There are 2 protein chains.
Amino acid sequence: MRADAQRNRGRLIEAAREVFREQGYDASLDEVAKRAGVGAGTLYRHFPSRDVLMDAIMQRWVDRVNDSVEKVLVHEGEPRDLLLTWFETYVDLISMHKGGPAKITSAMGDEGSPIVTKCQTLAAATQRVVDRLEEQHALREHIEAVQMCRLVGGVASVADSADLEPAAVRPLLEVIADGVLV
Amino acid sequence: MRADAQRNRGRLIEAAREVFREQGYDASLDEVAKRAGVGAGTLYRHFPSRDVLMDAIMQRWVDRVNDSVEKVLVHEGEPRDLLLTWFETYVDLISMHKGGPAKITSAMGDEGSPIVTKCQTLAAATQRVVDRLEEQHALREHIEAVQMCRLVGGVASVADSADLEPAAVRPLLEVIADGVLV
DNA sequence: TGCGAAACGGAGAGTGTCTCCGTATAGTCG
DNA sequence: CGACTATACGGAGACACTCTCCGTTTCGCA
């Protein structure tokens, strides 16, 4: 890639991070281009769709996910605490932008989605928590990581679009935890 | 209301039903006006926002909700069956249009929402199921109807946006049921 | 039948998406 | 170093959608 292209790509990602943080997932892409100091054409050449841009933004986020699950797993304690801690972390992770929870959760399990690799990261992290719980024989039968992602993702979507307080989210996560634990 | 206004209002609601069914909640309102054979101004005079139009469409749906809960409640049987039947019915009811589950669930508990009365209908129906379960001492403590609506609504949102099969939804509902039942 | 209030409709302003193509420039080669 | 070409840029503009404004039409009462 030519040096100027590389530079503009970087600027666009930075600008998009800013704009999406401020205005949510639906922010205007022209605004992103303007903020980056490039033309709209340049934006669309680098990122043919909003999702592809989203995917690029989230590269850094992948590391956050992996760090987070690592931290959660070192914690010794009751399975229920472990699970709830992971659920709360999970909700935080996918709620970075308004509209994020729905976006990420709906892409879960969709091979064709541009953010499929991100979802896989999240699913893999959840799988590690599931593995730990299974070692402890704490999980009911037939519970899969992807199902837990969908359940918690559903709660996060609702919390996101209804502007729910964390205090209102916690009991919902507890219900899910009680539903998957023996 | 003048006769022509009444007539146009009816036409708009019919057209909106059609268009929303075909194209989901995000369909163009100009298309609705065109389909109804009226100008855009007429549409916006009757229904200042998409949500108000949605609300009008859903008048008929309220009856469906009440009929449905009635049917579910006459069924004798295990609490878990009753609850799961209601959950599946609930998902069906709010999944009439693409985007419906998210719309309805996010409006749940928001006083200012134009579809607040619809949400209340749904919450009241769920409350009746909760009451029945409490009579049977089948519910855990501190479980409220609105929480169940959010949980099931979350699942429905995910199922809607990820195009999940009913067979994939069922186990998610089972987790929630197991999480709220003693 | 005549009139005023009520309702209509569609042009157009505002906003966002995405494309096209003339222009500019990075990087290479003689 | 200067010329050349593939690569990239940028922004005007086509298209789509939302919503408003206001001149025109129609209803329904007296």
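For clarity, every value in this text was computed on a predicted model and none was experimentally measured. Protein chains get the first letters and strands the later ones, always in sequence-line order, with residue 1 at the start of each.
A:Met1 and A:Ile13 fall into different hydrophobic clusters, defined by Ile, Leu, Val, Met, Phe, Trp and Tyr side-chain heavy atoms under 4.5 Å apart, directly or through other members. Using a 4.5 Å cut-off between side-chain heavy atoms of Ile, Leu, Val, Met, Phe, Trp and Tyr, with links allowed through other members, B:Val116 and B:Leu122 fall into different hydrophobic clusters. Each of B:Leu151 and B:Val182 belongs to its own hydrophobic cluster when Ile, Leu, Val, Met, Phe, Trp and Tyr are linked at side-chain heavy-atom distances under 4.5 angstrom.
For the segment residues 18-25 of chain A, the set of residues with a heavy atom within less than 4.0 Å of an atom of DNA chain D is empty. Near DNA chain C, meaning a heavy atom under 4.0 Å from it, residues 4-15 of chain B has B:Asp4, B:Ala5, B:Asn8 in order of number.
Applying the side-chain hydrogen bond (donor to acceptor under 3.5 Å, both in side chains) test to residues at least two apart or on different chains, the pairs with a partner in residues 60-73 of chain B are B:Glu70-B:Arg128. Applying the side-chain hydrogen bond (donor to acceptor under 3.5 Å, both in side chains) definition to pairs two or more places apart or across chains, those involving residues 31-47 of chain B are B:Glu18-B:Arg35, B:Glu22-B:Arg35, B:Glu31-B:Arg35.
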Show the distances under 3.5 angstrom between N or O atoms of the protein and N or O atoms of nucleotides 19-24 of chain C.
none

Between the protein and nucleotides 13-16 of chain C, which nitrogen or oxygen pairs are less than 3.5 angstrom apart?
none

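We find that NZ of A:Lys34 is positioned 12 Å from P of D:dA12, with the value rounded to whole Å. If you measure from atom CD of A:Glu31 to atom P of C:dT17, you get 10 Å, rounded to the nearest angstrom. The CE-C1' distance, from A:Met1 to C:dT25, rounds to 16 Å in whole Å. Going from atom CG of B:Leu43 over to atom C1' of C:dA11 covers 17 Å, rounded to whole Å.
Residues meeting the side chain to side chain donor-acceptor pair (under 3.5 Å) test with A:Asp55, sequence neighbours left out: A:Lys118. Evaluation of the side-chain contact (heavy atoms from CB on, under 4.5 Å) rule for B:Asp4 yields B:Arg2, B:Arg7 as partners, not counting sequence neighbours. Listed by chain and residue number, nothing satisfies the side chain to side chain donor-acceptor pair (under 3.5 Å) test with A:Gln136 (two or more places apart in sequence, or in another chain).
Side-chain nitrogen and oxygen atoms of B:His46 include none within less than 4.0 Å of the OP1 or OP2 phosphate oxygen of C:dA7.
Rounded to 10 degrees, the angle separating the terminal axes of the helix from C:dT1-D:dA30 to C:dG30-D:dC1 is 10°, with each axis obtained from five end pairs.
With values rounded to the nearest 0.5 angstrom, B:Met58 atom CE is found 8.5 Å from B:Thr121 atom OG1. The line from CZ of A:Arg11 to CG of A:Leu43 is 13.5 Å long, rounded to the nearest 0.5 Å. Remark: B:Thr89 OG1 to B:Ile94 CD1 distance equals 11.5 Å, nearest 0.5 Å.
Classification of A:Arg17 and A:Glu14 as a salt-bridged pair holds, one side-chain N sitting under 4.0 Å from a carboxylate O.
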Going by atom type alone, with no hydrogens or angles, which donor-acceptor pairs under 3.5 Å involve a side-chain atom of residues 106-114 of chain A and a protein atom two or more places apart or on another chain?
| residue | atom | partner | partner atom | Å |
| --- | --- | --- | --- | --- |
| A:Ser106 | OG | A:Ala102 | O | 3.2 |
| A:Ser106 | OG | A:Lys103 | O | 3.2 |
| A:Asp110 | OD1 | A:Gly112 | N | 2.9 |
| A:Ser113 | OG | A:Ile115 | N | 3.2 |

N/O donor to acceptor pairs below 3.5 angstrom from side-chain atoms of residues 161-178 of chain A, sequence neighbours left out:
| residue | atom | partner | partner atom | Å |
| --- | --- | --- | --- | --- |
| A:Ser161 | OG | A:Ser157 | O | 3.1 |
| A:Arg170 | NE | A:Glu174 | OE2 | 3.1 |
| A:Arg170 | NH1 | A:Glu88 | OE1 | 3.3 |
| A:Arg170 | NH1 | A:Glu88 | OE2 | 3.4 |
| A:Asp178 | OD1 | A:Arg80 | NE | 2.8 |
| A:Asp178 | OD1 | A:Arg80 | NH2 | 3.4 |
| A:Asp178 | OD2 | A:Arg80 | NH2 | 3.3 |
| A:Asp178 | OD2 | B:Arg140 | NH1 | 3.2 |

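When each of B:Thr85, B:Val69, B:Thr126 is tested with B:Tyr90 by the rule side-chain contact (heavy atoms from CB on, under 4.5 Å), just one qualifies, namely B:Thr126.
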